[in-house]
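As structure tokens, the structure follows; a few thoughts come after it.
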Amino acid sequence: LSGKRSLSAGELDRLEGLLLSADVGVEGTRRLLQAVRQGPSELDALERLKAEMLAILAPKSDYRPPGGENGGKPAVWLILGVNGSGKTTSAGKLGSRLAGRGLKVMMAAADTYRAAAGEQLAVWADRAGAELVASKPGADPAAVAYDAVAAAQARGTDVLLVDTAGRLHNKKHLQDELRKIHATIGKRMPGAPHLGLLVMDAATGQSGLAQARLFSQAVPVDGIVLTKLDGTAKGGIVLAIAQELGIPVAWAGTGEGAGDLQEFDAEEFVEGLLG
Amino acid sequence: SLTDKLSSLFKNLTGQGKLSEANVREAAAQVRLALLEADVNLQVAEDFVARVQERALGAEVLSSITPGHQFVKIVHEQLRETLGGKREALRFASQPPTVVMVCGLQGSGKTTTCAKLGALLKRSGKRVILAAADIYRPAAAEQLEILSQQAGCIFYKSDSTDVAAICAGAAEAGVRKLADAVILDTAGRLHVDAEMMEELVRTKAAARPHEILLVLDSMTGQDAALVAAEFNSKLGLTGAILTKLDSDARGGAALSLRAVSGAAIKYVGTGEKLADLEEFHPERMASRILG
Ligand SMILES: Nc1nc2c(ncn2[C@@H]2O[C@H](COP(=O)(O)OP(=O)(O)OP(=O)(O)O)[C@@H](O)[C@H]2O)c(=O)[nH]1
Ligand SMILES: Nc1nc2c(ncn2[C@@H]2O[C@H](COP(=O)(O)OP(=O)(O)OP(=O)(O)O)[C@@H](O)[C@H]2O)c(=O)[nH]1
Ligand SMILES: [Mg+2]
Ligand SMILES: [Mg+2]
């Protein structure tokens with residue numbers, strides 16, 4: 001395809017197939033093909049496509065600064081997403097990364113529902129050399145989050161990572177619980193949480209868009225942690241999410257170890273998607 | 001919905017008496033779009049639509065006085081048939097225990113599903129062992145032990161670092177303890193991780209499961225076809241369980257899975273509680289996919 005100014009019908013079909021197979025979606029694919037057909041004529045078709053995808057993925061606004069208001073400590077990051085997407089593991093990876101930079105990290109096990117969730121996060125806290133705040137199963141997750149913020153403030157923690165239970169975006173009572181966790185954190189520390197990270201499996205289909213819509217209606221979502229990119233799924237759904245909601249991908253999960261986390265690189269992502 | 005789109009498509013045509021091939025092709029294109037929006041794998045969707053088109057171009061639709069109705073009927077029928085004409089339940093071994101190996105991608109819901117399956121069998125009076133075969137994931141055994149207790153099953157684990165040996169041990173424990181079923185909860189793994197897939201092949205050889213079930217997240221998109229094909233080609237799946245159907249995902253992964261591997265979906269996960277495991281109903285899934 002590279003080097004061609006205009007594509008034949010057959011080539012457009014193949015390009016459509018490539019995009020659809022990458023979970024870009026019917027509507028997203030239609031838009032991209034239109035951009036390829038109508039794009040700046042000095043670029044070849046492939047360059048037009050890449051330029052359009054990069055434009056879609058570019059963050060629309062700056063992240064909210066990860067520090068507290070007036071640079072206060074701790075920076076509180078809320079980790080949310082559907083069941084099994086990789087939240088606890090990603091919280092662990094982030095913890096190791098931040099600790100590796102010399103920051104004092106604390107983790108809050110605000111998933112009080114899942115069997116052995118606290119034990120799972122404890123292993124990650126240990127790996128990162130981070131402190132852990134947990135409670136008994138069945139405890140109020142908002143209370144755990146509140147106590148963790150208080151503990152982090154008292155101990156001069158730089159970053160507090162709050163891991164929450166997996167929840168489906170279409171379950172109102174669980175979205176309400178997430179809102180309550182968010183609000184309760186804010187009660188203890190105005191302006192917190194400073195960052196909301198939606199953890200999403202790269203193999204997610206069109207449901208990913210609904211996830212981003214509904215989660216961002218419940219709490220502010222500043223970025224996506226796109227996990228399991230070491231699989232064969234391309235994660236094309238993040239294009240629709242960026243297009244419709246302006247939510248950028250912040251991190252890419254590429255494995256199950258503490259080091260398997262990278263800052264999201266849009267160029268690399270687009271290259272990988274286009275094969 | 002698709003039915004609305006198709007009926008409006010055909011409504012504008014009824015004045016012309018019978019359908020032309022072009023009309024059928026247009027309707028088939030609508031079906032393809034609906035399937036893609038439902039996360040059906042592209043190749044699977046195109047094969048499906050090609051077959052629908054073939055049938056529709058046959059005598060049935062072209063000479064029908066209600067071509068729209070007939071076309072929709074063909075689509076529904078073919079989808080139901082592909083998803084599994086008749087219900088397939090768990091196949092019990094002639095001699096207990098029935099060994100069930102549960103596998104799939106990371107986070108798909110295997111551990112929870114193993115416990116749900118154990119609870120289901122327990123409710124029907126069976127004696128079940130749940131075996132912790134995931135030796136990698138932090139607190140995996142702890143998670144299964146808690147769920148096993150809640151499900152009223154016998155928990156089995158071993159300190160061995162040889163997963164195949166652990167599973168063989170669990171199967172032997174099943175014989176000793178007169179269990180009806182031994183369910184092996186394996187670690188999540190990528191279908192493209194050669195070493196981990198090889199571990200499953202060795203585990204199959206050592207534990208000789210009667211059922212090998214792929215647990216697949218119903219929110220999975222295009223990748224479901226490749227995942228199902230790979231797990232099937234390495235292990236020979238005897239069935240599958242589709243999880244998180246309580247989401248709003250249309251669940252096209254079910255069609256992809258069935259089309260590429262032939263594995264019948266035996267159960268569906270419909271929630272986080274142990275009771276949230278139901279029988280798979282092909283006609284309900286068909287309606288869900290078609291939206
Ligand atoms: N291959 C791969 N596996 C991952 C990645 N991120 C997480 N996982 C795995 O995905 C599975 C689920 O991870 P968790 O961290 O427990 O997911 P979760 O979102 O916290 O799950 P719930 O709390 O139950 O909703 C685990 O087996 C992880 O090791 C990744 O980037 N690549
Ligand atoms: N809503 C919903 N959640 C489910 C369903 N099945 C499993 N889950 C949840 O999905 C998450 C992951 O479940 P696990 O059983 O840990 O998944 P797994 O496949 O064993 O994960 P790994 O061992 O890390 O690969 C948990 O939060 C479960 O409660 C379901 O049918 N519906
Ligand atoms: Mg978790
Ligand atoms: Mg598991």
Side-chain angles (χ1 to χ4, degrees), chain A residues 16-27 29-30 82-89 92 113-124 126-127 137 165-171 174 200-208 210-211 214 227-228 230-237 255-256, chain B residues 32-43 45-46 105-112 115 136-150 187-193 217-227 230 243-244 246-253 269 271-272:
Chain A
E16 181 195 47
L18 179 84
L19 295 172
L20 288 170
S21 301
D23 287 310
V24 171
V26 169
E27 182 56 20
T29 298
R30 198 190 57 77
V82 300
N83 309 72
S85 62
K87 296 175 293 301
T88 304
T89 305
Y113 177 79
R114 181 188 159 123
E119 288 84 330
Q120 182 189 6
L121 192 62
V123 172
W124 285 106
D126 204 64
R127 284 175 184 168
R167 70 199 64 235
L168 289 181
H169 46 297
N170 53 316
K171 299 211 162 154
L174 295 180
M200 186 173 299
D201 189 324
T204 308
Q206 298 309 298
S207 146
Q211 289 176 29
L214 292 177
T227 62
K228 308 175 202 173
D230 45 322
T232 48
K234 306 287 175 151
I237 193 64
E256 304 192 65
Chain B
R32 174 180 174 273
L33 287 181
L35 293 178
L36 288 170
E37 286 166 349
D39 287 328
V40 176
N41 175 269
L42 177 64
Q43 193 55 54
E46 298 194 328
L105 295 180
Q106 290 89 345
S108 60
K110 297 174 296 300
T111 304
T112 311
Y136 309 103
R137 179 188 156 130
E142 287 84 332
Q143 180 193 8
L144 186 63
E145 184 164 19
I146 291 169
L147 295 178
S148 177
Q149 214 212 27
Q150 292 173 3
R189 71 204 62 220
L190 293 176
H191 49 303
V192 289
D193 184 334
D217 186 329
S218 61
M219 294 183 279
T220 310
Q222 295 289 309
D223 207 39
L226 187 53
V227 172
E230 282 298 305
T243 60
K244 306 175 203 173
D246 43 326
S247 72
D248 57 4
R250 298 257 294 270
E272 299 194 64

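Keep in mind that this is a model prediction, so the values were computed, not measured. Convention: sequence-line order gives letters A, B, ...; per-chain numbering from 1.
For A:Asp201, the side-chain hydrogen bond (donor to acceptor under 3.5 Å, both in side chains) partners two or more places apart in sequence, or in a different chain, are A:Lys228. Taking the side-chain hydrogen bond (donor to acceptor under 3.5 Å, both in side chains) definition, one finds that A:Arg30 meets it with A:Glu27, sequence neighbours left out.
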Salt bridge (Lys or Arg N to Asp or Glu O under 4.0 Å) between B:Arg32 and A:Glu16, intermediate numbers included | CA-CA 13 Å; B:Arg32 174 180 174 273; A:Glu16 181 195 47; 3.4 Å; yes
Quick one: do A:Glu119 and B:Gln143 satisfy side chain to side chain contact (heavy atoms under 4.5 Å, CB included)? Show the steps, please.
-> CA-CA 9 Å; A:Glu119 288 84 330; B:Gln143 180 193 8; over 6 Å; no
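Going from atom CG of B:Asp223 over to atom OG1 of A:Thr232 covers 3.5 Å, rounded to the nearest 0.5 Å. For the atom pair CD (B:Gln43) and OG (A:Ser21), the distance works out to 8.5 Å, reported to the nearest 0.5 Å. Put simply, CE on B:Met219 and CD on A:Gln206 are 13.5 Å apart, with the number rounded to the nearest 0.5 Å. Annotation: the span from B:Gln222 atom CD to A:Leu19 atom CG amounts to 11.0 Å, rounded to 0.5 Å.
For B:Leu33, the parts lying under 4.5 angstrom from a heavy atom of chain A are both the backbone and the side chain. Interface remark: A:Ala210 contributes side-chain atoms only to the contact with chain B (heavy atom separation under 4.5 Å). Residue A:Leu18: no heavy atom, backbone or side chain, is found under 4.5 Å from chain B. Looking at A:Asp23, both its backbone and its side chain come within 4.5 Å of chain B, counting heavy atoms on both sides. Interface remark: B:Arg250 contributes no atoms to any contact with chain A (heavy atom separation under 4.5 Å).
Listed options B:Leu144, B:Asp193, B:Leu42 were ranked by heavy-atom pairs under 4.5 angstrom with chain A; first place goes to B:Leu42. Of the listed residues (B:Glu37, B:Gln106, B:Glu46), the greatest number of heavy-atom pairs within a distance under 4.5 Å of chain A belongs to B:Gln106. Ranked by heavy-atom pairs under 4.5 Å with chain A, the list B:Ile146, B:Val227, B:Thr243, B:Asp217 is led by B:Ile146.
Minimum heavy-atom separation, B:Asp39 to A:Ser207: OD2-N, 4.3 Å.
Contact check for A:Asp230 versus B:Leu190: side-chain heavy atoms found under the 4.5 Å cut-off. Using a 4.5 Å cut-off on side-chain heavy atoms (C-beta onward), A:Arg127 and B:Pro138 make contact. For the pair B:Ser247/A:Val82, no side-chain contact is recorded, criterion being any heavy-atom separation below 4.5 Å from C-beta on. Side-chain contact between A:Leu174 and B:Glu272 is present, with at least one heavy-atom pair separated by less than 4.5 Å.
Ion pairing of B:Asp246 with A:Lys171 is present here, as a side-chain N (NZ or NE/NH1/NH2) and a carboxylate O approach within less than 4.0 Å.
Atom CD of B:Gln149 has 12 or fewer heavy atoms from other residues, nucleotides or ligands within 6.0 Å.
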